[in-house]
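Just so it is clear: chains get the letters A, B, ... in the order the sequence lines come, proteins before strands, and each one is counted from 1. All of these numbers come straight from a predicted model, not from anything done at the bench.
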Amino acid sequence: MVTPQDIKGWIEAGLEGAQVEIEGDGHHFDAVIVCPAFAGKSMLEQHKMVYEALGDKMKAEIHALSMKTMAPE
Amino acid sequence: MTAETNVEERIQETLKSNPVVLYMKGTPQFPQCGFSGRAVQILQACDTEFASVDVLADQEVREGIKRHANWPTIPQLYVNGELVGGSDIMMELYQKGELQQILAGTKG
């Protein structure tokens, strides 16, 4: 079963400088992701960057991921 | 014609014919997933008319719509043919009042 720590690790590996706070029960996860690379990007683009970082894991291991993304203040 | 181009054409036709389209799991009356249910509630709160496509009823569209927008999850909201986002983005835009503005641009 996928743990929140797994997903945190995958996102942080794929998005340089990302800070991820995440909780979940193995099926549904809620993440807050702060990343300098999000600056100047739309919410749609930010979410796409997270999905790209997760790649095929999004299709297989992760059933449902809810996220909030933002650039650092 | 391959199945892949065929489904992409069907998706484009749907998006061309309907200003607001929600690709979802289940139907607005009977959503089959919490995120899809939330997306329907948000659109209803915006008092907007929308077309919906049940991806559970059509495996080709279910995969095709993910390829179409390079977006791996359902639901997906399209306005005037453009992907607005999934249910998280819909909720954030709704709370900021921006979704209402985006949808207002589609009303007669």
Could you look at [X] and say if it's the side chain, the backbone, both or neither that has a heavy atom under 4.5 Å from chain B?
| X | value |
| --- | --- |
| A:M67 | both |
| A:K59 | neither |
| A:L65 | backbone |
| A:E52 | side chain |

Say whether [X] and [Y] are linked into one hydrophobic cluster, either directly or through other cluster members, by side-chain heavy-atom distances under 4.5 angstrom.
| X | Y | answer |
| --- | --- | --- |
| B:L56 | B:V61 | no |
| B:Y94 | B:L103 | yes |
| B:V84 | B:F35 | no |

Working for side chain to side chain contact (heavy atoms under 4.5 Å, CB included), residues B:T73 and A:Y51 | CA-CA 9 Å; B:T73 58; A:Y51 286 142; 3.1 Å; yes

Close side-chain approach of A:H47 and B:D88, heavy atoms under 4.5 Å =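 Yes, close enough: below the 4.5 Å cut-off.
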
Check whether any side-chain heavy atom of B:W71 lies under 4.5 Å from a side-chain heavy atom of A:L44, and answer yes or no.
->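 Yes. Closest side-chain heavy atoms under 4.5 Å.
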
How about [X]: does its [atom1] atom have over 12 heavy atoms from other parts shown lying under 6.0 Å from it?
| X | atom1 | result |
| --- | --- | --- |
| A:E45 | CD | yes |
| B:Q44 | CD | yes |
| A:Q19 | CD | no |
| A:K68 | NZ | no |

Rounded to the nearest 0.5 Å, what separation is found between the OG atom of A:S66 and the CZ atom of B:R38?
->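 Here the rounded value is 5.0 Å.
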
Point-to-point distance, once rounded to the nearest 0.5 Å, from CE of B:M90 to CE of A:M43 =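 It comes to 12.0 Å.
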
Distance-minimising heavy-atom pair for B:A69 and A:K48 =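 In this case the closest contact between B:A69 and A:K48 is O-NZ, 3.0 Å.
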
